[in-house]
Each structure stands twice: as structure tokens, then as C-alpha cells.
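First up is the structure itself, then whatever we jot down about it.
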Amino acid sequence: MNDLPIGIFDSGVGGLTVLRAIRRCLPGEHLIYLGDTARVPYGNKSPATVTRYSMEDAEFLTKKGVKMIVVACNTASALAAPELRAQFPGLLILGMIGPGSRAAAVATKNRHIGIIATAATVGSGAYESRIRETFAVAGDAAPVFVVSRACPLFVPLVEEGETESEIARMVAAKYLAGLQDEGIDTLVLGCTHYPLLKGVIAGAMGPRVTLVDSAEAAAAETEQLLAERGLLRDADSGGTEQFYVTDAAATFNRIAEAFLGRAPQHLELAAWDGRTEQA
Ligand code: DGL
């Protein structure tokens, strides 16, 4: 069981920030990544559609015999996590909302937390309710202020490599101006693309706001969950990586380098009937 891979899926390239963070924590794990590049973005789609896509993504990974699934897409986590857990009851499934919320609850000092994410994630209210639940579970009933903003232009900016440019700074200034006035001391990067804009976002928010990277929080919890179950693979064994996409492998390959800091190895086109062909 320990040698089985961890399955990671996202709507496209964004989940590679999560894969990168998991790889840093867990060098011995085999990782299988699925990017649903044929149907990206999920962030402007309805809950029913995102749930259907997420089910198919998870099914693809379960057929690969994974020991755990990390839903490396905030939108899929926000909209489809309960259905995924119901559909695959015996499988360990970790989404992004829980880890990001718990990290934010730890980080905030003044209990004023901001969330930036896709329109679908913001519309779901998932972060806000999970943050409130996190405090409640800890027996902390004092008021918490949570404010959310959708930042739809951030995803295409990152995919075009505009992560430190003037246009990125202008978009960040526009989206984040209102948030600065809300008195938040913690801001959750609630979308897998946003860690690549950390510099620009930090510049817009100023030094008094702590940025919570939900990818890093999810990687730490992945390690913890596997360790608790005795499912970790030996760190010295050298883990492998396989990447699958549902379309446009060449584009994925190009953008993936920015997310991973290296070209992805073993990239294949995924076919939903289980067939694959070399990209
Ligand atoms: N991966 C998505 C997320 O984290 C962003 C891209 C999309 O909209 O599909 O919410």
C-alpha cells in the first residue's frame, strides 16, 4: 500500500503548485497528476458542472490505483468535495479548503481574514464557513471577520507568464484595494495559480498582511494524513512522477515549467476510457 502513488488533480496547470509543495515535503512518494486542460477553467462554471468534472478526474486517478487523492484545485474542493467523499468512501481525499482555512486560523492575530479565489470558490462560501468551523471546533466562539474577493484575471495572467509585470501589478491593485481597507492581517491565496503572484500580491497588500499559501498547507496535511495511517513511502526511495492532461499537452508542458521550475516528466494525453497515448 505504501508504494502506491498519490493522485493529484486540477482543472489544468495550477495544481502543479500543490504537486511542487508535496514533492518538497515528500521526496519518496510516487505522484500521478491529472490536469483537465480540455475543460479548464473550472472557476467560472456551475457547481453541477464542476462536480461532474471532478468525479471524472477522481475516477481516472482511482483506476491508476492511488492510495490518496489530493484535490489540487480550490474550485473543485469548494464545490465537489462532499460528493467526491460520498462517491469514493474508502479513499483518503484531501481538498484545499480545510488546509488553507486551518493555516489562516493559526496565522491571524486580529481575526480579520481575507480570501482571494475564483468566482466559483467565492460564490460557494466554502472558505468562510470552514474558517468559522475551525475556530468553533477549537472551542473559540469570539467573532471572526472574513471577507472574500474573486480575482478572475489572475488565472490568465499567470498562464501568460505575467507574474511580475506592470499589468499584473495594476490588476492586483484593482482587486486588492478594497481588501486593504478591511483591516485584514491574513490573506488566503485560495486558488492554485495565485502562489505564482505572491510577490505582486504581497506588494499590493503591504508587510502587515500574512499570505497563506493553500498549496503549502495542503502539502503539510498530506504528509500528516499519510503518516498517521502508516502510509508514507521511504523518503530515500526516490519518488516518480507521471503527468496526464486531457488536451493541449504542448501548452501544458510550456506553462508547467513556470509552476514546477522544471519540465514535467512522463507527460501523456489521458483518455477517459483508460487509454493513453504519448504526448
Ligand atoms: N485551479 C483553479 C482553482 O484553484 C483555478 C483555475 C480554474 O478556474 O480552473 O480554483
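Heavy atoms only: backbone and side chains are in, while hydrogens, waters and symmetry mates are out. Remember, it's 1-based here, ligands and their atoms both numbered in the order they're listed.
The ligand atoms of ligand 1 that sit less than 4.0 angstrom from a heavy atom of Gly43 are 7 (C), 8 (O), 9 (O). For ligand 1, the atoms lying closer than 4.0 Å to a non-hydrogen atom of Tyr42 are 7 (C), 8 (O), 9 (O). Listed by atom number, the atoms of ligand 1 under 4.0 Å from Asp10 heavy atoms are 1 (N).
Residue contacts with ligand 1 include Cys191, since one of its heavy atoms falls under 4.0 Å from the ligand. Ligand 1 lies within reach of Cys73, whose nearest heavy atom is under 4.0 Å from it.
Proximity annotation for atom 3 (C) of ligand 1: of Val13, Asn74, Val40, Asn44, Asn74 comes nearest, heavy atoms only.
Judged purely by distance below 3.5 Å, without hydrogens or angles, the side chains of Thr108 and Asp185 pair a donor atom with an acceptor atom. A side-chain donor-acceptor contact under 3.5 Å links Thr118 and Thr121.
When non-hydrogen atoms are compared, ligand 1 lies under 4.0 Å from the backbone of Thr192 as well as from its side chain.
The shortest N or O to N or O distance between Ser11 and ligand 1 is under 3.5 Å. For ligand 1, the polar-atom distance check against Gly190 finds no nitrogen or oxygen pair separated by under 3.5 Å.
Side-chain contact between Phe243 and Leu34 is absent, with no heavy atoms from C-beta onward closer than 4.5 Å. Side-chain contact between His193 and Leu16 is absent, with no heavy-atom pair separated by less than 4.5 Å.
Salt-bridge formation is detected for the pair Glu29/Lys67: a Lys NZ or Arg NE/NH1/NH2 atom is positioned less than 4.0 Å from an Asp or Glu carboxylate oxygen. Salt-bridge check for Arg52 with Asp57: failed, with every basic side-chain N at 4.0 Å or more from each acidic carboxylate O.
At the top of the distance list for atom 10 (O) of ligand 1, counting protein heavy atoms only, stands Thr75 OG1, 2.6 Å.
For Glu164, the CD atom is loosely surrounded, since the number of other residues' heavy atoms within 6.0 Å does not exceed 12.
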